[in-house]
Amino acid sequence: MNIYARLSTVLLVFVGLPVALASAEELSQQRMQSLKASDLEAAERIDRDIRYFASEELKGRGVGTPEIAQAAEFIAKRFASLGLRTELIDSQPFQSLAVDSTTTVGDPAKNHVQIDRQGAAPLNLQLGKTFNPLALGSSGQVQAPLAFVGYGITAPQANYDDYAGLDVQGKIVIVLRKEPRLGDPNNPLGKTSPTPAAYFSTKMSGAIAHGAVGVIVVNDHASAIELGKQDDSNSEDALLEVTDAGNGSADKKLPTVCVSRAVIDGLLQQSMGRSLLDIEQSIDRDFRPISGLLPGVTASIQTDLQTDKVMARNVIAELPGSGSLADETVIVGAHYDHVGMGGIGSLAPGTIAVHNGADDNASGTAALLEIARRLSQSQEPQRRRIVFIAFTGEERGLLGSAHYVRNPRFGLEQTVAMLNLDMVGRLKGNVLSIYGTGTAENFDAMVRQLNEQFQFSLDIDPSGYGPSDHQSFYEKSIPVLHFFTGLHNDYHRPSDDFDKINLIGLTRITDMVTEATREIATQPQRPVFQTTRRGKGIRKQKAAYLGVQLRMSDDRVTIVQVVPEGPAAQAGLMMGDALIQVGDQKIASIQTVLDYLARHAGGETLEFQVLRQGQPRSVKATLGEKK
């Protein structure tokens, strides 16, 4: 699922974490034994394919890497082995497109930051030491006065505006990462996990809207500690790397750099008489902005970013049609790219590790291959051609599917439907989401009738919009169905691995999509397209919770509120307890707790090491499940 959905999946221990799922090995043996031999063989094939696509060997299938090329060759060979036509584009199954690769620092001499203060010597910052250019912004040069704008958030619905009463026209703005009261259930911004106001792209858009000419990003205290521990630097000097803030989504971009907390702290103490930490804690406590111009302080920023193009490939195969329907096309698709070793798209910023992408979207790719296998073995006298496409570049903004609809191998006017599989490996509570049921007159009735056989608890959304490849086809007036099992906290993190796949559930979904494809391919009348409104959004899975509110205090994660009769209260955790360790994980920040809990589920018991009034204690808490 692509990153431009900008969905935050950071846990809130107060009200919820998505529930982890059983691995294939942990599935009920009785259920496995109840499968027909053919279904068991299918499950085993799907399992093998997911394990391959999510393997350490493929290193997260990042666009432009040798490993995703290896995955493409694997898919192409499988298509060919099934007897599908694969010599479709220049006698090959590959449709190539150019994609931006990871942005890097260009000429070091053209990346510099100088800060001039009235009555003091200029500060010349060091590349990689006290500043880094960010791909969030643009290459360019700007010289202007500085203004501190807190978190850079304008949120009228929460009566909060860091820009209120402050004219930053023509200024370079200093912006804190994240948002005030992050993780607080009483956050007036309206959510217990980061809201869109916390996104880097939102902060960039806000700076542009208020007339700023450049942006300086500074880590919030908790993020700086986490980054400092990862690269052994002083947390006050911890910096985002070039791509850690993404590439941004604003039509216009400004020269943007990340500057160390130590540098910004000195400027604020000199100009505003308060430390950066003091300002940050005050905003969080009172939920009142603290912003202002920095009199007599200007900055000169020059950034030079280098973004090379790499070639990426959709993989396409055709099952020819038959009879009078043969010239019409049904497309079944799934993207096979993910976010590689981290960087752009990762929700574990600063982490260099294989982002396996077992659910996103090894699950959909494996299902696609199994559907192709089953349909290739069927022979109907009247059937539309079925085209199977493994899309690339979905995580970069639906690039592969957008390229296909601009350059279709089979005419779009004769393409009657597109079925998409993205994140279908975590069936929980038997709930299967199906989007696009309103994009054709008969889709809703067809889906419900098919489900009489498969007996899912359906979560129906008529909309054809959504952050996956089906949207590219819907925007070309093609009916779509999108299959999805729900967002979880392993999304775009290294923890999205095959041990959490619900193999039985995925096999059942594969069954249903196979039959839906067959139905659309053989029904005499082509689906009649209908427009839809934007839908209800992406469904998150049911959540587990601990029932505490956490806050950083004296560089420790401290419990500041306990839900009465919640799991933490029942375990004996108390306000004022400092969390030192959970399981085998040392706790350095709130994020450490969140990331650890993301790997666990309601009903699991975790052991916490805490300090209570300076004395160590061990407390076991059983996570609850939010209904």
Side-chain angles (χ1 to χ4, degrees), residues 1 21 24 27 35 38-54 61 71-72 74-76 78-79 81-82 84 314-317 319 330-338 356-378 386-392 394 400-401 417-428 430-436 447 450-451 453-454 456 468-470 480-486 496-498 500-521:
M1 182 166 290
L21 299 172
L27 289 169
L35 291 175
S38 59
D39 288 336
L40 183 58
E41 291 171 1
E44 290 172 346
R45 286 193 296 268
I46 292 169
D47 182 51
R48 285 195 300 269
D49 286 342
I50 292 177
R51 288 173 183 271
Y52 173 71
F53 289 121
R61 310 181 308 280
F74 178 94
I75 294 167
R78 176 67 62 78
F79 282 155
S81 73
L82 298 176
L84 302 175
N314 293 330
V315 189
I316 307 176
L319 177 63
V330 176
I331 292 175
V332 185
H335 76 90
Y336 70 104
D337 65 301
H338 195 48
N356 306 82
D359 189 29
D360 189 13
N361 187 35
S363 65
T365 307
L368 174 70
L369 295 178
E370 179 62 21
I371 293 165
R373 172 185 293 276
R374 297 182 190 185
L375 293 176
S376 70
Q377 297 171 350
S378 64
I386 302 174
V387 176
F388 303 96
I389 308 179
F391 293 107
T392 189
E394 192 270 356
S401 55
M418 188 271 184
L419 294 87
N420 188 53
L421 299 109
D422 192 354
M423 296 180 66
V424 287
R426 297 281 197 99
L427 188 70
K428 175 70 178 177
N430 199 39
V431 179
L432 173 63
S433 294
I434 304 180
Y435 298 75
V447 163
L450 280 172
N451 195 50
Q453 174 185 351
F454 298 105
F456 291 104
S468 193
D469 290 307
H470 63 288
V480 297
L481 288 174
H482 170 54
F483 298 82
F484 174 62
T485 54
D496 179 11
D497 215 341
F498 60 76
K500 297 174 182 174
I501 294 296
N502 181 339
L503 186 59
I504 298 299
L506 177 53
T507 304
R508 292 174 57 220
I509 292 167
T510 302
D511 294 341
M512 184 172 187
V513 179
T514 299
E515 293 312 309
T517 305
R518 194 192 312 274
E519 174 72 15
I520 295 170

- Task: Calculate, to the nearest 0.5 Å, the distance between atoms CZ and CG belonging to Phe498 and Leu503 respectively.
- Result: 12.0 Å
- Query: So, for Ile50 and Ala362, which heavy atoms are closest and what is the spacing to 0.1 Å?
  - Reply: CG1-O, 3.8 Å
- Task: Taking the side chain as every heavy atom from C-beta outward, state whether Glu394 and Ser401 have any atom pair closer than 4.5 Å.
- Result: no
- Decide whether a cation-pi geometry holds between Arg508 and Phe454; the criteria are a distance under 6.0 Å from NZ or CZ to the six-membered ring centre and an angle within 45° of the ring axis. no
- Query: CD of Gln377 to CZ of Arg374: how many Å apart, nearest 0.5 Å?
  - Reply: 9.5 Å
- ring-ring contact (aromatic ring centres under 6.0 Å, His included) with Tyr435: which residues, sequence neighbours excluded? His482
- Item | Close side-chain approach of Leu369 to Phe79, heavy-atom, < 4.5 Å | yes
- With sequence neighbours left out, what residues match Ser376 under side-chain contact (heavy atoms from CB on, under 4.5 Å)? Leu82, Leu84
- Task: Take Asp47 and Arg51 through the salt bridge (Lys or Arg N to Asp or Glu O under 4.0 Å) test and state the conclusion after the steps.
- Result: CA-CA 6 Å; Asp47 182 51; Arg51 288 173 183 271; 3.0 Å; yes
- Item | Beyond-backbone contact of Val480 with Leu419, side-chain heavy atoms, under 4.5 angstrom | no
- Query: If you measure only the distance, is there a donor-acceptor pair under 3.5 Å linking the side chains of Asp337 and Thr392?
  - Reply: no
- Heavy-atom donor-acceptor pair, Thr485 side chain to Leu432 backbone, under 3.5 Å: no
- Message: Measuring only between side-chain heavy atoms, which start at C-beta, is His338 closer than 4.5 Å to Asp360?
- Response: yes
- Message: Would you say that Phe388 contacts Ile371 through its side chain, given a criterion of any heavy-atom pair below 4.5 Å between the two side chains?
- Response: yes
- Side chain to side chain, Ile434 and Met512, heavy atoms closer than 4.5 Å: yes
- Would you say Arg373's side chain and Ala42's backbone share a donor-acceptor pair under 3.5 angstrom? no
- Mind checking whether Ile386 and Val332 have side chains closer than 4.5 Å, heavy atoms only? yes
- Item | Side-chain heavy atoms of Met418 within contact of Ile389, under 4.5 Å | no
- Message: Among residues at least two apart in sequence or on other chains, which ones pass side chain to side chain donor-acceptor pair (under 3.5 Å) with Asp496?
- Response: none
- Do side-chain atoms of Asp497 reach the backbone of Asn356 as a donor and acceptor pair under 3.5 angstrom? no
- Considering all heavy atoms, the nearest Leu375-Leu319 contact: O-CD2, 3.4 Å
- From Arg426 atom CZ to Lys500 atom NZ, the distance as rounded to the nearest 0.5 Å: 5.5 Å
- What's the spacing between Phe483 CZ and Leu506 CG if we round to 0.5 Å? 12.5 Å
- Query: Does the ring centre of Tyr336 sit less than 6.0 Å away from the ring centre of Phe53?
  - Reply: no
- Item | From Phe391 atom CZ to Thr365 atom OG1, the distance as rounded to the nearest 0.5 Å | 11.0 Å
- Which distance, rounded to the nearest 0.5 Å, do you find between the CG of Leu450 and the CZ of Phe456? 11.0 Å
- If we ignore angles and hydrogens, is there a donor and acceptor under 3.5 Å between the side chains of Asp422 and His335? yes
